[in-house]
Amino acid sequence: QQRKDLCADCPIARVADNLGDSCTLLIIRDLMEGPKRFTELQTSLRGISSRTLTNKLKSLEKDALIQQRVKGGYALTRKGLALQGVLDAMRAYGKKYL
């Protein structure tokens, strides 16, 4: 709570609070390739429980980063697609330094 109070106006802190865990980022990574069904996401994210994945998807929907498709599955919204540059930068950093 203290960090949120201290960094309430910092865009980096707000993005980190929104996307800060690896499961969320990996869901977005997978959806950058195109719409995916729940089972496809669960297969890609080995080890994630159904409950955790469901909660992450609900949170991403609430934040308008993804939407549930009429034919089933999930897709990124325009707001979610705007994260492409963030993921590209993280991928480049990881390859170079980690």
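Source: prediction; values computed, not measured.
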Query raised in the report: How many angstroms lie between CG in Leu57 and OG1 in Thr52, if you round to the nearest 0.5 Å?
Result: 10.5 Å
Query raised in the report: Given side chains that start at C-beta, do those of Tyr74 and Ile27 come closer than 4.5 Å, heavy atoms only?
Result: no
Query raised in the report: Any donor and acceptor pair, going by atom type alone, linking the side chain of Glu40 with main-chain N or O of Arg37 inside 3.5 Å?
Result: yes
Report task. State the CE-CG distance between Met32 and Leu87, to the nearest 0.5 angstrom. Result -> 5.0 Å
Requested in this report: Determine, stepwise, if the pair Arg29 / Arg91 fulfils side-chain contact (heavy atoms from CB on, under 4.5 Å).
Outcome: CA-CA 10 Å; Arg29 176 206 63 190; Arg91 185 176 289 114; 3.9 Å; yes
Report task. Starting at CZ of Arg46, measure out to OG1 of Thr43 and round the result to the nearest 0.5 Å. Result -> 9.5 Å
Query - Partner of Leu76 under side-chain contact (heavy atoms from CB on, under 4.5 Å), chosen from Leu83, Asp30, Leu31 - result: Leu31
Requested in this report: With rounding to the nearest 0.5 Å, note down the distance linking OG1 in Thr77 to CD in Gln67.
Outcome: 6.5 Å
Query - Note: Lys56-Asp21 ion pair, threshold 4.0 Å (strictly below) - result: yes
Report task. Give, for atom CG of Leu53 and atom CZ of Phe38, the distance between the pair rounded to the nearest 0.5 Å. Result -> 4.0 Å
Report summary line: The reported gap from CG in Leu60 to CG in Asn55 (rounded to nearest 0.5 angstrom) is 11.0 Å
